[in-house]
Structure formats: C-alpha cells, structure tokens
Amino acid sequence: MGLPAGELDRHIAWDPGALELARRLADRLDAPLVYAAVSRLVLDVNRAPNHPGSIVTRSEDTSIPGNHALSDHDRRLRVSEIYEPYHRAVAEVIGAQRARHDALELVSIHSFTPIYRGERRPWHIGVLSGEDRRLAEPLLESLRADERLRVGDNEPYAPADGVYHTLERHSARHRDRSVLLELRADLIATEPSREDWAQRLAAALRQVDTK
C-alpha cells in the first residue's frame, strides 16, 4: 500500500483486539465466526463497494499511496476477489444456521481508537444499530446496568457512516436481529482484558436472548 511497516500496525489498517475478542465470544456462545483476512486499507468489506469508505485514499490523517490513481479495473478486481468472497462466506454461514434455528441474531465485533484526530473518545463500548432496534435496546439496557461503563448509542460511529452495511445486507431479508459492537481498543489490548469483555458480552447477549 506504499506505507511504512509501522503504519500497518495502527488502527487505520485493522481493528486491534477485535478478532481475538470475537473468537472468545464465539466460543462462549457456541456461535460460528466469519472474519476478513485483508486490511481495510485494501478494501473495507463492511462498506458497500460504491461507498467512499470502501477504498480510501486517506485514513484519518494518513495518505494511502497504494489507493491513489486506482483504475476502475483494479477497483472491480478488489471487489471480486475480496468483497464478494467475504459476503458469500457470511451468507453461507447464515444459511447453515438458518437451517437449524428459527431466528438468528447477528453480532459484529469491531474496535475503535481511543484518540481520533486529537480528541479522546470517552466511551468504553458503542452499541450500533439501524432502524431495527430489537437487539440494541435491551443490550444497551443490560450494559448500562453497570454504572462504571460509558456506553455509546450509535457512538462513536453510526449506520450513516456506512459501517452497518454487512448487517443490513444479511439481516434485512429475514428480519434477523442484529447489532454492531465497537470496543475501545485500549480496553481489549491484553488477553485478560479480552477474556473479561468476552464474559461480559456473552452474559449480556444471553440475558437479551431471553427477552
């Protein structure tokens, strides 16, 4: 991508801690997990291919040289080789689960940088949802029962930012309940902290599932 190696360790390239947390949570819930294996600097699978954030020329304040002057052919190639296989995999996993269960809940796990363009973000976790709030509302209530937590409602991102694309694409047709969880990256930076959050989230999701 034309960037120094150190830049690829930053949040601009991936979501630190998110995959490890998602694996722990999937194990606790006995749920399948699908995840992207390509940096969002190449293509963000969680945004529609025609969204400005799909292939960016600048992330935060960093220029991405490898995405400048990208031809239409190269854009289509990235979509066909990265975006489409990812969403086929998601659809196949959901289809297999739907054959076994009457109703599904789709949960997407991400992390956000504690400081964005010089401003500190106060939330510990953000609960993101679209118009369908059936999963988000009880989950917000459950998490906010712990007064130590600062829980954002469609913060620090919201569906208007394009981040809810995957869940909208795969949950709308069958009206599956869905939610996107954004964890502050510094709070899931170690194995013990990820284990703590996996326990907390698994308990909250099980509690919500009974409502």
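Only this structure's heavy atoms are used, side chains among them; waters, hydrogens and symmetry mates stay out.
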Strictly by ring pair (Phe, Tyr, Trp, His ring centres under 6.0 Å), give each pair with a member in [range] just once, sequence neighbours left out.
range	answer
residues 160-199	Tyr83-His165, His87-His165, His87-His170
residues 11-45	none
residues 38-74	none

In the single-linkage hydrophobic clustering (I, L, V, M, F, W, Y; side-chain heavy atoms under 4.5 Å), do [X] and [Y] co-cluster?
X	Y	result
Ile82	Leu70	yes
Ile109	Leu29	yes
Leu183	Trp123	no
Leu180	Leu25	no
Val127	Phe112	no

Results of salt bridge (Lys or Arg N to Asp or Glu O under 4.0 Å) for [X] - residues two or more places apart only:
X	result
Arg200	Asp146
Glu168	none
Arg98	Asp176
Glu20	none

Check Ser80 against Pro85 and note the closest heavy-atom contact, atom names and distance.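 Closest approach of Ser80 to Pro85, heavy atoms only: O-CD, 3.2 Å.
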Over all heavy atoms of both residues, which pair between Glu60 and Thr113 is shortest? Give the atoms and the distance, please.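 Heavy atoms of Glu60 and Thr113 come nearest at OE2-CG2, 4.0 Å.
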Take atom CD in Glu191; do more than 12 heavy atoms of anything else shown fall under 6.0 Å from it?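 Open: at most 12 neighbouring heavy atoms sit under 6.0 Å from CD of Glu191.
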Using only atom types and a distance under 3.5 Å, with no angle test, would you say the side chain of Asn67 pairs donor to acceptor with the backbone of Leu41?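 At least one qualifying donor-acceptor pair exists.
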Do any N or O atoms from the side chain of His124 and from the backbone of Arg150 form a donor-acceptor pair under 3.5 angstrom?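 Judged by distance alone, yes, a pair lies under 3.5 Å.
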Can you find a pair of side-chain heavy atoms, one from [X] and one from [Y], that are under 4.5 Å apart?
X	Y	value
Leu128	Asn154	yes
His110	Asn46	yes
Arg47	Val163	yes

Nearest 0.5 Å, what's the [atom1]-[atom2] distance between [X] and [Y]?
X	Y	atom1	atom2	result
Arg169	Ser178	CZ	OG	14.5 Å
Ser171	Ile94	OG	CD1	8.0 Å
Arg144	Ile125	CZ	CD1	11.0 Å
Leu43	Ile55	CG	CD1	5.0 Å
Leu140	Leu135	CG	CG	9.5 Å
Leu33	Leu19	CG	CG	6.5 Å

The test is side chain to side chain contact (heavy atoms under 4.5 Å, CB included); show your working for Ser111 and Ile188 and say whether it passes. CA-CA 8 Å; Ser111 69; Ile188 53 171; 4.0 Å; yes
Kindly give the cluster partners of Tyr116, where membership spreads through any ILVMFWY side chain lying under 4.5 Å from a current member.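 Members alongside Tyr116: none; it stands by itself.
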Evaluate the criterion side chain to side chain contact (heavy atoms under 4.5 Å, CB included) for residue pair Gln97 and Arg100; output intermediate values, then yes/no. CA-CA 5 Å; Gln97 291 295 103; Arg100 299 169 52 201; 3.0 Å; yes
What pairs with Arg175 under side chain to side chain donor-acceptor pair (under 3.5 Å), at least two apart in sequence or on another chain?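 Checked Arg175 against side chain to side chain donor-acceptor pair (under 3.5 Å); zero matches.
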Residues which pass side chain to side chain donor-acceptor pair (under 3.5 Å) with Asp74, listed by chain and number, not counting sequence neighbours: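 In terms of side chain to side chain donor-acceptor pair (under 3.5 Å), with neighbours along the sequence ignored, Asp74 is linked to Ser71.
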Evaluate the side chain to side chain donor-acceptor pair (under 3.5 Å) criterion for residues Thr190 and Ser193: first the C-alpha distance (whole Å), next the side-chain angles of each, then the deciding distance (0.1 Å), finally the verdict. CA-CA 5 Å; Thr190 66; Ser193 64; 3.0 Å; yes
Among side-chain atoms of Ser59 and Arg10, is any donor-acceptor pair under 3.5 angstrom?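 No pair is found: no donor N or O on one side chain lies under 3.5 Å from an acceptor on the other.
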Of all pairs that satisfy salt bridge (charged side-chain N to carboxylate O under 4.0 Å, His left out), the ones with a partner from residues 26-39, not counting sequence neighbours: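 Checked against salt bridge (charged side-chain N to carboxylate O under 4.0 Å, His left out) - neighbours excluded - the pairs reaching residues 26-39 are Arg28-Glu195.
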Salt bridge (charged side-chain N to carboxylate O under 4.0 Å, His left out) contacts touching residues 110-122 (sequence neighbours left out):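 The answer is Asp61-Arg117.
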Let's go through Val45 and Val38 carefully: what are the C-alpha distance in whole Å and the side-chain angles of both, what is the deciding distance for side chain to side chain contact (heavy atoms under 4.5 Å, CB included) to 0.1 Å, and is it a yes or a no? CA-CA 9 Å; Val45 295; Val38 177; over 6 Å; no
Applying side chain to side chain contact (heavy atoms under 4.5 Å, CB included), run through Leu201 and Leu21 and close with a yes or a no. CA-CA 10 Å; Leu201 293 175; Leu21 172 60; 4.3 Å; yes
